[in-house]
Each structure stands twice: as C-alpha cells, then as structure tokens.
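Written out below as structure tokens is the structure these notes cover.
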Amino acid sequence: MKEFFRLLRRFVPPYKKYLIWALFLNLLSAILNIFSFALIIPILQILFKMDTKTYEFIPWDAAGINMKDIAVNNFYYYVTEMIASQGGSLTLLILGVFLAVMTLLKAFSYFASSAVMIPLRTGVVRDIRAQVYNKVLHLPLSFFSEERKGDIIARMSGDVTEVETSVTSSLDMLIKNPILIIAYFGTLIAISWQLTLFTLLVLPGMGWVMGTVGKKLKRQSLDAQAKWSDTMSQLEETLGGLRIIKAFIAENKMMERFNKCSNEYRDAINRVATRQALAHPMSEFLGTCVIVIVLWFGGTLILSNSATIDAPSFIYYLVILYSVINPLKEFSKAGYNIPKGLASMERIDKILFAENPIKEPALPKPLSSLNDKVEFKDISFSYDGSRQVLKHINLTVPKGKTIALVGQSGSGKSTLVDLLPRYHDVQSGKILIDGLDIKDARIADLRGLIGNVNQEAILFNDTFFNNIAFGVENATMEQVVEAAKIANAHDFIMDTEKGYDTNIGDRGGKLSGGQRQRISIARAILKNPPILILDEATEGLAPLVVAEIWRVIAQIRQTGISTLIVDRDYKKVLAHTDKAVVMEKGRLALQAQSADLLQQPEKLSALLGV
C-alpha cells in the first residue's frame, strides 16, 4: 500500500476539494444508514409486543445521565406515546415511512459521494497521460532507439487505462469504505463491545487470506501488461512495414507472429482475470462465515440469558455487522484491483523517471542569431560508450557558406549533424556558435536557429498549410505561399481540391516522395533559419525530382543561409556547395573546396570507395 499512497501524493493534491466533499458525503451516508437501521428495534418490539416497560420523558440537560441513554429513552417515550394515541399499526407505518425517507437520503448521499469523485478520477488519468506525452516529447532520440514504439504506445493507452480502472476507481472505495467500516464498528461497539471484541478476533484471518491472493496478482499483472506491449509493438511494426510484407508475400508469417503474441497475452490475462474473479466469491464466503460465527456466539449468549443485549438489539447488531461485510468486500476488491494498477504504473514510471542526459544549462547565455561561424572542435562521440562513431572532428562552417559532408554509409555524416541541434551530446570536444558553447544556450534558442530536412520526409496528418507552418507561430498565408513557391511546391498544392487546406493523409501518404520532400523543404524555408541541415534529402527520389530539389537548394544558397548537406551523390552535392568534407570511419579524411575536388575525381572516388 506504500506504493499506492506515494501515487496519491503525486497526482491527487490538485483535486483535494473533491476528496473533502467525498469524505463529508460518505460520513453523512454512514450516519443516515446507522440511524435508519436503528428503527428496526422499535419496529420489532411493536410487531412482537416485546417491550412492556413504561418510559418517562427525561430532560435533555438532566445531570448524571449520558446523552445516549437520554436519547434512547426519549425516543422510546415518543414511540410509546404515539402507540397509545395513534395505535400500533399507524405507528408502524410512520416508522416505516421514516425508514424509507432515511434510506432515500442515504442513497442520495452515496450517489453524490461517487459522482463527486469522477472529476478526480478522470483528472488524475488525464494528468498521467499528459505527463507521459510531455516526457516523450522531451526525451532524447537515444531513448527511442532502445525502446519499441509499440511498447510506448501501449504504456500510454493500455497501462494508463489500467491505472484508471484499477487505481483511481479503487480510490473511491478506499475513501468510502474506511468511513463506513469505522462508523459501523463504532455502532457495533456501542451496542455490545463484548460481541464486537469476539468479531474482531475472527476478521484478521479473513484479511490475511485476501492479502495473500492480492500479492500474486501484481506479479501476474506485470507479465500481462508486458505481453500487451509485445502485441502493440507487433501491430505498430506491421502498419509501418505493410509494403515490405506484401512484397515478400509474408502475410502468413506475420499472422503467425501476431497470433503467438495474442495467445501469450490471452494466457497471461486469463490468469489475472481468474484470480481477480476469485475476489467476490471468496469475500462472500468469508463474510458469511463471520456472520455465522457471530450468530452462533451471540445466539448462544441470548439463549443462556447471559447476553448484555436483548433479541431486537442483537438483530440490529447483525444487520449492522452485515452492513460492514459489504465495505470489507469492496475493500478486498480494491486490494485485488490496486496491484494491477500499480503494475501498470510501474511500467509508466519507466518513462516518467527516465533520465534525460540532454540538460538545460543552469544559467543559459543568449543565442539568437549566427553572425560569424559554427565550429566543431575536437569532437568525439559514441552511442554506447564503447565504440566511437566520431573521432576528433574539427570543422568550421562560416556564415553563408554551404558545406558538403560526403562519405560511405556508416562514416558518421548524419551523426555529426545530429550533434549540432543537441539530439545527442558530445562526449568530448565542443560545438561553438559564434564562440558560444551550444551547451551554454537554451535548447529552444539553439534549435530555433536550425532548420532540418531529412531523408524521410516527416509530415503530419494535417493540411498543407499546417504542415508548412509547423513550428512557426502566427504564420500568414502569404508567408506559407512564398515558402512553397521557393520549394517548387505551390503548383501541385493548388492542383488539389482545397489547395492549402487539403489534408495530406497520415505521414503525407496522399503525396509522392518528391512532393513530400518539397513540403519538408518549404517548412524549413518558412522557419528562415540561419543554419540549414539537409540530411540525405534527395535519397531514394526519382532523377527528375532530385534535379528539381537541387534547383531549390541552389535558390536557398542565394539567401545566405549556412547549409550543411549530407549526401552520398558526391557529384551533385559538390556542384552545389562551397566546401566539401570527406568522412571515413568517423574521421575527417579530407577538407577541400568543392570546385577543386571536382577536378580530382580519381582521388575522391578512392576515398569514397566508388
């Protein structure tokens, strides 16, 4: 339960007012329930003519008599007076109506106490989901290279839903039931402390049995949620790779893999559901055992004339005791549900508490423009801390110049340009912009200076306008159109039914590869950054589309943007750049003017292995 209370301390404080209302309404419900059942005693006495005692009214401020005895005496005084004046039948009817009204008020309080908890439950779940999403946005790219996307989606959907159904739903029970249990046990003690003491000796055994089953449930729930993540990962991989699956006629193979995951999840969830289904019948049986034992013990005392209570009071005692059983059952149900939710929260916390190595500086220095140059000084980098991907890189990119990064696949070109926006942090060396270490600037200021166009055109399921204006606040239609024209995207946008308001589909699925890339370039142009990174921007496109994109890049060069171009097509890239950097196995093998290298094709071919 310590984990549960830690979870409450993390997420419940913003909703304290709902807790206060829930406590008040549950207390009111318990009081109304106790007093409505108290009417059973006079009803039984009237029906069976068991009370022949004559009652006299006692003043409420009488000295030497406790308030409970005064209240009971005066209540019976009013009942006997009513019987004498109105008759037993009418008195019975009045008491019955009063019982019904009290029960109605109790039911309303019970409903209100549950309704007032709904904003708390839904609010906590919304906050958890928002925190997970925010954390995902701010975690470094290295985190996602080690985690499966399907697993992260499963944690945001299935695990958060499990927290809602298991933990936050149980919160209502854990507020309501302790109040009811305390109120009912207080009443039981007031009726007969001796009988209640005997009852308390029986209950711990019931709690131990329920707790033993609940501990096993958490372990099984962790396994079930892990299997669910495997299933979601399988689905995510299938949706992303449908083209390859169909090309290799691998539908049956993928179906077998998915069925295997689904069957494992089914088996795991069956174990959890079976153990959870055990909660109600087990608590029902144990509760009935308690009632039977107390009925035997109390009945034996009454039959032997050694009991401290009379028969009607004993019936009332059993009614209240039976009323305790239901909150205890709900309590035990929460004991089954909470471990499931905590198991899911444990998986969610692996995201929420994941360490982000990309730290903001404590005292950031201003960085708002590029006035001179970008410098890579003695840069070394490793993804895993053992094998170095970059080794002692020294490179200067002057303002307004276009630099080509060429080299064989795996030589470290893309890794080098990913270090500039701090997608990863260097292990040694420094990256400077106008002499300022990028680690000393705010990440948002740094990335605000950089535009990116990648090999995979990453677009969103939105309109042309919103995709181009992505990341630029309050962009006007004129600005978006101008950027699209520079990127040679305006004409094909206007050929669509709604122009710039046309939805381009999931990941731009309604567009060709070249069209998607031109929208990406338009997005970078609209941002108007002083530094532009083109990382394999023409890879995999048709020759005519590539030629068109290089014409766009030539236009961008005229704007004075400092550009880093990563590309394997060295002939094309050298023709459109000022300086070329050849990379080989993580090192700078050669730096030279692009025009000079074009005159030495044999030397360049030897370095590139072509």
Side-chain angles (χ1 to χ4, degrees), residues 138-146 355-452 454 529-536 562-567 577-593 607:
H138 290 88
L139 281 170
L141 296 179
S142 57
F143 177 84
F144 303 100
S145 64
E146 299 170 4
E355 185 179 358
N356 188 350
I358 312 296
K359 306 290 186 185
E360 289 278 11
L363 297 171
K365 296 178 181 178
L367 179 64
S368 57
S369 61
L370 172 64
N371 299 314
D372 185 18
K373 60 187 175 182
V374 177
E375 296 175 272
F376 295 81
K377 283 196 168 184
D378 197 29
I379 296 297
S380 294
F381 176 76
S382 170
Y383 285 107
D384 56 12
S386 57
R387 188 179 70 85
Q388 285 198 326
V389 180
L390 298 175
K391 304 165 189 174
H392 308 290
I393 302 292
N394 288 282
L395 174 65
T396 299
V397 182
K399 180 183 178 182
K401 297 298 181 181
T402 302
I403 309 298
L405 288 174
V406 295
Q408 295 183 31
S409 180
S411 59
K413 307 183 299 295
S414 294
T415 300
L416 181 62
V417 295
D418 278 350
L419 295 178
L420 182 56
R422 289 191 71 191
Y423 295 149
H424 310 281
D425 268 345
V426 297
Q427 276 89 34
S428 67
K430 291 182 179 180
I431 301 177
L432 307 175
I433 294 180
D434 293 341
L436 175 66
D437 191 331
I438 61 172
K439 290 185 179 180
D440 294 331
R442 289 177 64 246
I443 294 173
D445 291 344
L446 169 65
R447 292 176 183 171
L449 299 180
I450 303 169
N452 286 81
N454 302 302
I531 303 168
L532 179 62
I533 296 172
L534 299 169
D535 189 357
E536 305 279 10
S562 300
T563 311
L564 282 165
I565 302 178
V566 177
D567 208 300
T577 54
D578 301 302
K579 180 180 178 180
V581 176
V582 181
M583 296 191 67
E584 184 180 24
K585 296 180 179 178
R587 298 182 183 275
L588 291 190
L590 177 67
Q591 293 189 58
Q593 296 298 313
L607 284 170

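Keep in mind the model is a prediction, meaning the values are calculated, not measured.
Between Glu536 and Lys413 there is a side-chain heavy-atom pair separated by less than 4.5 Å. Two residues are said to be in side-chain contact when any heavy atoms from C-beta on lie closer than 4.5 Å; Ile393 and Met583 meet this criterion. Between Leu367 and Asp434, the closest side-chain pair of non-hydrogen atoms is not below 4.5 Å. Looking only at side-chain heavy atoms (C-beta outward), Asp535 and Asn452 stay at 4.5 Å or farther from each other. Residues Ile531 and Val397 have side chains not in contact (no heavy-atom distance under 4.5 Å, counting atoms from C-beta outward). Tyr423 is listed as a side-chain neighbour of Arg447, based on a closest heavy-atom distance under 4.5 Å. Residues Lys399 and Pro530 are not in side-chain contact: their nearest non-hydrogen atoms beyond the backbone lie 4.5 Å or more apart.
Considering only residues two or more places apart in sequence or on other chains, Ser369 meets the side chain to side chain contact (heavy atoms under 4.5 Å, CB included) condition with Asn371. Asp418 meets the salt bridge (charged side-chain N to carboxylate O under 4.0 Å, His left out) test with no other residue; sequence neighbours excluded. Considering only residues two or more places apart in sequence or on other chains, Phe381 meets the ring pair (Phe, Tyr, Trp, His ring centres under 6.0 Å) condition with Tyr383, His424. With sequence neighbours excluded, the residues that form a salt bridge (charged side-chain N to carboxylate O under 4.0 Å, His left out) with Arg422 are Asp425. Every residue two or more places apart in sequence or in another chain that forms a side chain to side chain contact (heavy atoms under 4.5 Å, CB included) with Asp440 is listed here: Lys365, Leu436, Asp437. Judged as a salt bridge (charged side-chain N to carboxylate O under 4.0 Å, His left out), and not counting sequence neighbours, the contacts of Asp445 are Arg442.
Between the side chain of Asp378 and the main chain of Gly429, no donor-acceptor pair closer than 3.5 Å is present. Between the Glu375 side chain and the Gly435 main chain, no donor and acceptor come within less than 3.5 Å of each other. When atom types are taken as modelled, the side chain of Gln591 and the backbone of Asn394 share a donor-acceptor pair closer than 3.5 angstrom.
Note that the CG atom of Asn356 and the OG atom of Ser142 stand 8.0 Å from one another [nearest 0.5 Å]. Note that CG of Leu416 and CG of Leu405 are 6.0 Å apart. Values are rounded to the nearest 0.5 Å. One distance of note links CG of Leu449 with CD1 of Ile433; it measures 5.5 Å at 0.5 Å rounding. Between the OG1 atom of Thr396 and the NZ atom of Lys377 there is a distance of 8.0 Å, given to the nearest 0.5 Å. For the atom pair CG of Leu432 and NZ of Lys373, the computed distance is 9.0 Å after rounding to the nearest 0.5 Å. Separating the CD1 atom in Ile565 from the CD1 atom in Ile533 is a distance of 11.5 Å, to the nearest 0.5 Å.
Residues Glu360 and Ala441 share a closest heavy-atom pair of OE1-O, 4.4 Å. The two residues Gly400 and Ser562 make their nearest non-hydrogen contact at N-OG, 2.8 Å. The nearest pair of heavy atoms linking Ile450 to Pro421 is CD1-CA, 3.8 Å.
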### Task
Evaluate the criterion side-chain contact (heavy atoms from CB on, under 4.5 Å) for residue pair His392 and Ser380; output intermediate values, then yes/no.
CA-CA 5 Å; His392 308 290; Ser380 294; 3.7 Å; yes
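Surrounding NZ of Lys439 are more than 12 heavy atoms belonging to other residues, nucleotides or ligands, all under 6.0 Å away.
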